[in-house]
Number of protein chains: 2
Amino acid sequence: MNANVPPTAALVAKLTARDDLSAEEIAVLQGMMSEPRIVQGGHDIVRDGDRPGHSTLLIDGFACRYTTLKDGGRQITALHVAGDFVDLHSFMLKEMDHGVGALTLCRIATVDHGRLLEITHTHPHLTRMFWLLTLIDGSMHREWLVGMGRRPALGNAAHFICEIYTRLSVVGMAADNAFVLPLTQVELGDVLGLSSVHVNRVLQELRSGELITWTGQNVVILDWDALADLAEFDPRYLHVVKEPR
Amino acid sequence: MNANVPPTAALVAKLTARDDLSAEEIAVLQGMMSEPRIVQGGHDIVRDGDRPGHSTLLIDGFACRYTTLKDGGRQITALHVAGDFVDLHSFMLKEMDHGVGALTLCRIATVDHGRLLEITHTHPHLTRMFWLLTLIDGSMHREWLVGMGRRPALGNAAHFICEIYTRLSVVGMAADNAFVLPLTQVELGDVLGLSSVHVNRVLQELRSGELITWTGQNVVILDWDALADLAEFDPRYLHVVKEPR
DNA sequence: CGCTCAGTTGATCAGTATCAAAGGGCGTGG
DNA sequence: CCACGCCCTTTGATACTGATCAACTGAGCG
């Protein structure tokens, strides 16, 4: 939000939580991004079938990857927060096989794929760090698969809350077990593979168990241990460990 | 199977289905792999929590990534066939957040992470192709998420069959709508997030609709169009398109 | 002031899980 | 070569999770 926070601040935080970056690498990151741009909530950032010539960094706001089925059902396959590259994978995949939508007003900036291509020639470590970002996306996908396939709705909702809290913490957007999450219950249903009615009931159960409060967009985790236990949340899959990569 | 087929044959097929490789790159691939080794079906190739110093290429056989929950439930998050790197992601993630198991007798070979690190410095294009492989894994994860979240069991089972057929075709292990798939119904349940009893009923429905036959390990797709339609299968997510990357 | 949209509640329905048991194929050891 | 055992598949009965349908509330906003 702050004008003198560089657009890459959250990205740098996300990366340096996993490995040190050199001053030059940080400069390359800052130099490669376009001017920030605003996307209104509810609008698409990238469309299914697009062949974007650039990848998009989310500076601020919430976005998601989603796919829509013929019957109108929607599945959100990833939720993105500040510092996430929402479609870094399009650099190598070329054609988008899903859409990316802004859930709230989003501030974004882009990198040209040509610039990324150069970086793969000139900056191997930075290239690996970009690769790492997409691998962490994959880890989250797998964890969501486990949740949808084998966790009951209550546990999976709890797991989602644990994940988002952890991820927001990394970029300084959550602390003291509290954070802002501007998701409707319909959207949460599209994340968890549930109907919005059932999401409502699951949230009530989490509230009545005094595990969380969730009023408007304000989520507070009242009992982290109990929530993580219910979720069988093991944060290793987020790989928030600084080591040489 | 054949002794004068190089261990990297399927991998090269998989990669060249997406972009041309130079002769030198193919030589690098062949030169980097260890001597092949055998793993018995039912045994682990990598364990959850491991920090392997190498990544494993599946030369032959079927393997899976899986995670097990406290109640004993298991979710398979990826199914691997010949030519797949089952844990290329461990090169950057370092610690395994799930296990990799051999579903059948598997022939594997490994690449040291040190060798991969060198390649990221000396062979940018090959590096990008490795990155691409992990991105396609991610695409499949997302598609599975859509299936488990929003497709009914029947459609998702159909989708799985379409996916596997397409993937096996790329490495020459499926043709004429027929292929060998050595998966038990329990394992298929762990893939689809279903109980084995329900898998049985779903398969019977696919059979009675004359969409497939599945006897022992032999699967035949009788009506591809109807199966793909039921599945809403759109192969774009597998990115089997040759173009400069 | 009335619309719209998000959240909530109740009633009923459908899809899938669970439990239990039986049948079939195949390898192994006697 | 047969018998046993084991694993996988199949079937039936029942239970339960989560979906669907419908209606109502409350808050924000034009």
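So that the names make sense, note that chain A is the first sequence line, chain B the second, and so on, each numbered from 1. It should be emphasised that the depicted structure is a prediction, and the values quoted were computed from it without experimental measurement.
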Output the rounded distance in Å from [atom1] ([X]) to [atom2] ([N]).
{"X": "B/Leu103", "N": "D/dC7", "atom1": "CG", "atom2": "P", "result": "17 Å"}
{"X": "B/Leu188", "N": "D/dT10", "atom1": "CG", "atom2": "P", "result": "12 Å"}
{"X": "A/Asn156", "N": "D/dT17", "atom1": "CG", "atom2": "P", "result": "16 Å"}
{"X": "B/Arg151", "N": "D/dG18", "atom1": "CZ", "atom2": "C1'", "result": "20 Å"}
{"X": "A/Leu183", "N": "C/dG7", "atom1": "CG", "atom2": "C1'", "result": "14 Å"}
{"X": "A/His198", "N": "C/dA11", "atom1": "NE2", "atom2": "P", "result": "18 Å"}
{"X": "A/Leu194", "N": "C/dT16", "atom1": "CG", "atom2": "C1'", "result": "14 Å"}
{"X": "B/Glu205", "N": "C/dG15", "atom1": "CD", "atom2": "C1'", "result": "11 Å"}

So that I can tick it off, tell me whether [Y] and [X] are bridged by a salt bridge, with the cut-off set at under 4.0 angstrom between side-chain N and carboxylate O.
{"X": "A/Arg47", "Y": "A/Asp44", "result": "yes"}
{"X": "A/Arg74", "Y": "A/Asp190", "result": "yes"}
{"X": "B/Arg150", "Y": "A/Asp71", "result": "no"}
{"X": "B/Lys70", "Y": "A/Asp229", "result": "yes"}
{"X": "B/Arg167", "Y": "B/Glu163", "result": "yes"}

Winner on side-chain proximity to A/Gln204, out of D/dG18, C/dT18, C/dT8, is C/dT8
Kindly say if A/Asn200 contacts the phosphate of C/dG7, meaning a side-chain N or O under 4.0 Å from OP1 or OP2.
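For C/dG7, OP1/OP2 do not have a side-chain N/O of A/Asn200 under 4.0 Å.
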Could you tell me whether the side chains of B/His54 and B/Asp87 share a donor-acceptor contact shorter than 3.5 Å?
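Note: B/His54 and B/Asp87 side chains miss the donor-acceptor criterion.
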For residues A/Thr110 and A/Thr56, is any side-chain donor paired with an opposing acceptor at under 3.5 Å?
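Distance-only check fails for A/Thr110 and A/Thr56.
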Heavy atoms only, 4.0 Å cut-off, all strands: where does [X] land among base, sugar-phosphate and nothing?
{"X": "A/Ser195", "value": "base"}
{"X": "A/Gly193", "value": "sugar-phosphate"}
{"X": "A/Arg207", "value": "sugar-phosphate"}

Should the pair A/Phe179 and A/Tyr165 be assigned to parallel (<30°), tilted (30 to 60°) or perpendicular (>60°) ring geometry?
tilted
Below 30° counts as parallel, above 60° as perpendicular, anything between as tilted: where do the rings of A/Phe233 and A/His159 land?
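Taking A/His159 first and then A/Phe233, their aromatic rings stand perpendicular (interplane angle over 60°).
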Here's a test of your reading of the structure: between A/Gln185 and A/Gly149, which maps to the more 5' nucleotide of DNA chain C?
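On the 5' side of the pair lies A/Gln185.
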Expected string for nucleotides 21-30 of chain D under the B/S/- scheme (protein heavy atoms, under 4.0 Å, primed atoms plus P, OP1, OP2 as sugar-phosphate) is B---------
Can you list, by residue number, the residues of residues 211-218 of chain B that have a non-hydrogen atom closer than 4.0 angstrom to DNA chain D?
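Per residue number, the list is empty: none.
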